[in-house]
Amino acid sequence: MNLISSLGERMKGGFHGLRAKQILLTLLIFASVLLLIWAWDRNAFLTSFLPLQIQLLRPSPDILLGAPVVTSIPFEPDVNAKKYLSPVASNRNVASEQKEKPSDVVMPTVPSEGTTPKTENQDKSISSNDRKKVIGSPEKEMLHEENLGSETKPGIEKKVSDTGATSAFAPLVSEKIENDSSIMAAAKKKACNYAKGKWMEDSRRPLYSGFGCKQWLSEMWACRLTQRTDFSYETFRWVPHGCQIPDFDGSSFLRRMQDKTIAFIGDSLGRQQFQSLMCMVTGGVERPDVLDVGREYGLVKARGAIRPDGWAYRFPSTNTTILYYWSASLCDLEPINITNPTTDWAMHLDRPPAFLRRYLHMFDVLVLNTGHHWNRGKINANRWVMYVGGIRNTDRRLTEITKAKNLTVYSIVKWLDSELPKYPKLKAFFRTISPRHFFNGDWNTGGSCDNTTPLAGGKEVTRDDSSDPLASRAVKGTKVKLLDITAISQLRDEAHMSRYSIRGTPGTQDCLHWCLPGVPDTWNEILAAQL
């Protein structure tokens with residue numbers, strides 16, 4: 001028994017000794033691990049040996065200082081023209097597309113010409129080179145703050161000081177906030193809605209003489225040469241709310257456009273805007289030094305044609321070129337049978353005009369427009385046959401003119417937007433439709449516009465959105481800007497050609513085109529301001 005008791009005492013003592021050693025060893029290992037972790041966190045060299053996943057999970061100094069993390073997802077527009085057959089797609093597909101990409105446009109159902117339906121607010125499209133101008137909706141303001149960087153966030157000075165950072169950093173951040181606040185204020189000022197404002201009488205108008213600008217102005221649009229005796233329509237100036245349109249000076253404009261080319265491509269209203277700008281720049285005075293450079297752009301009168309497809313003039317003093325190309329539909333047109341002089345023409349709804357594709361790289365300012373040739377009568381008279389995807393259209397839904405026009409407008413805007421990154425200096429505009437003012441009928445059914453009292457229907461535009469839903473929605477989310485002239489022109493029914501003409505013969509009234517000098521001068525003033 002004594003032997004057994006002695007053996008038990010020895011085993012008990014050995015057990016306690018072993019347990020003490022294990023505890024001591026465990027404590028030493030734990031302290032070593034803590035020391036190693038502390039060393040890794042303090043030593044950048046040792047930290048580099050951490051696995052990549054662990055490194056990515058480690059908080060950055062910015063987060064430790066309380067700075068927000070900015071995540072930016074670039075927007076890449078889909079330029080596949082087939083996608084823009086969606087004007088004739090189901091509403092469900094359009095809604096689904098909007099949900100996936102908020103910046104995509106909604107295909108509108110455009111009413112007949114001459115109406116002014118309500119629409120959503122026009123987008124202030126901003127170029128990628130000038131992100132600081134992104135001001136407008138709350139979503140855009142949030143994007144603006146993110147793009148400015150974490151230093152510009154309100155309250156960051158407090159966050160920095162709370163961390164115990166050096167006090168010398170706070171004034172730098174404060175100064176940055178003040179600088180970026182001034183940038184935001186300037187951006188808000190630049191984001192003017194020129195389509196919202198009022199007409200005011202101005203004794204300094206017109207900007208040129210309807211008698212004197214014969215070098216550029218077509219006689220059929222020079223109302224001073226007709227039987228019209230009231231010219232009060234010439235004396236009004238558009239004044240936008242909250243911003244100013246600088247006084248137009250031809251010499252200053254040419255200096256601003258030094259070594260640049262301004263191109264108008266569209267229908268006869270685009271031609272009026274082109275002639276208006278030529279008269280404004282020259283002050284309606286003869287300029288024998290201005291060169292006709294139409295041949296450089298293939299703008300020569302073809303055999304048997306009444307006129308060339310456009311005109312191009314260059315001011316040698318500043319090497320500024322102003323041109324116009326006739327493309328009433330903004331579709332690419334090509335003869336179906338080139339050997340037949342009376343052949344039909346393929347009207348490619350999803351293809352930009354060949355002239356635009358060929359010379360786009362030579363333009364610095366581009367203004368597109370279309371609208372009043374989109375009716376069955378003119379399409380048939382021009383022998384235009386609709387094509388989509390390079391083949392004759394077989395989709396019955398596109399036989400509806402409104403939907404065909406939608407497809408073309410969306411297609412050309414998306415194509416142009418996809419080309420703009422190649423030409424960062426190019427400023428592209430899509431001009432909204434010019435309103436018609438036929439009362440008691442249409443152009444061929446006795447419609448008239450006899451009013452000669454300026455602003456009889458009001459002088460002010462208070463709506464924020466555009467009166468041309470198709471154009472405004474087409475440019476939304478793109479770098480193509482909107483030249484919005486519809487609502488302001490809608491108030492000027494007294495400024496059309498009306499019944500007046502050079503020969504003074506009775507007939508149909510022209511309540512589509514404008515007297516010059518006149519309303520298109522204002523379009524160019526807004527264009528110059530947006531440039």
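Listed by first and then second residue, the salt bridge (Lys or Arg N to Asp or Glu O under 4.0 Å) pairs that reach into residues 320-331 come to none, sequence neighbours excluded. Within the structure, every pair that satisfies the disulfide bond (SG atoms under 2.5 Å apart) test and touches residues 357-459, not counting sequence neighbours, is listed here: C449-C511. Applying the ring pair (Phe, Tyr, Trp, His ring centres under 6.0 Å) test to every pair with at least one member in residues 458-484, sequence neighbours left out, gives no pairs at all. Judged as a ring pair (Phe, Tyr, Trp, His ring centres under 6.0 Å), the pairs with a partner in residues 377-409 (not counting sequence neighbours) are, in order, H348-Y387. Identified under the side-chain hydrogen bond (donor to acceptor under 3.5 Å, both in side chains) test for residues 262-277, with sequence neighbours left out: S218-R271, S218-Q275, D267-N369, S268-H513, Q273-N524, S276-D521, S276-N524. Identified under the salt bridge (Lys or Arg N to Asp or Glu O under 4.0 Å) test for residues 323-336, with sequence neighbours left out: D332-R351, D332-R357, E334-R351. Pairs of residues two or more places apart, or lying in two chains, that qualify as side-chain hydrogen bond (donor to acceptor under 3.5 Å, both in side chains) and include a residue from residues 296-312 are E296-R314.
One finds a salt bridge joining E234 and R224 here, because a Lys/Arg side-chain nitrogen approaches an Asp/Glu carboxylate oxygen to under 4.0 Å. Between E494 and R228 there is no salt bridge, since none of the side-chain N atoms of the basic residue sits less than 4.0 Å from a carboxylate O of the acidic one.
Shown here are the side chain to side chain contact (heavy atoms under 4.5 Å, CB included) partners of N340, two or more places apart in sequence or in another chain: N337, T342, T343. With sequence neighbours excluded, the residues forming a side chain to side chain contact (heavy atoms under 4.5 Å, CB included) with Q258 are T318, listed by chain and number. Looking at residues two or more places apart in sequence or on another chain, you find a side chain to side chain donor-acceptor pair (under 3.5 Å) between W514 and S434. Under the rule for a side chain to side chain contact (heavy atoms under 4.5 Å, CB included), A381 has no partner lying at least two apart in sequence or in another chain. Take D450 and apply the side chain to side chain contact (heavy atoms under 4.5 Å, CB included) test, not counting sequence neighbours, and it matches S448, S498, R499, Q509.
Atom CG of D259 sits in a crowded spot, with more than 12 heavy atoms from other residues, nucleotides or ligands closer than 6.0 Å.
A donor-acceptor pair is defined here as one N or O able to donate and one able to accept, closer than 3.5 Å; no such pair exists between the side chain of T478 and the backbone of D417.
A side-chain donor-acceptor contact under 3.5 Å links T432 and T486.
Considering only heavy atoms from C-beta on, R436 comes within 4.5 Å of H372 through its side chain.
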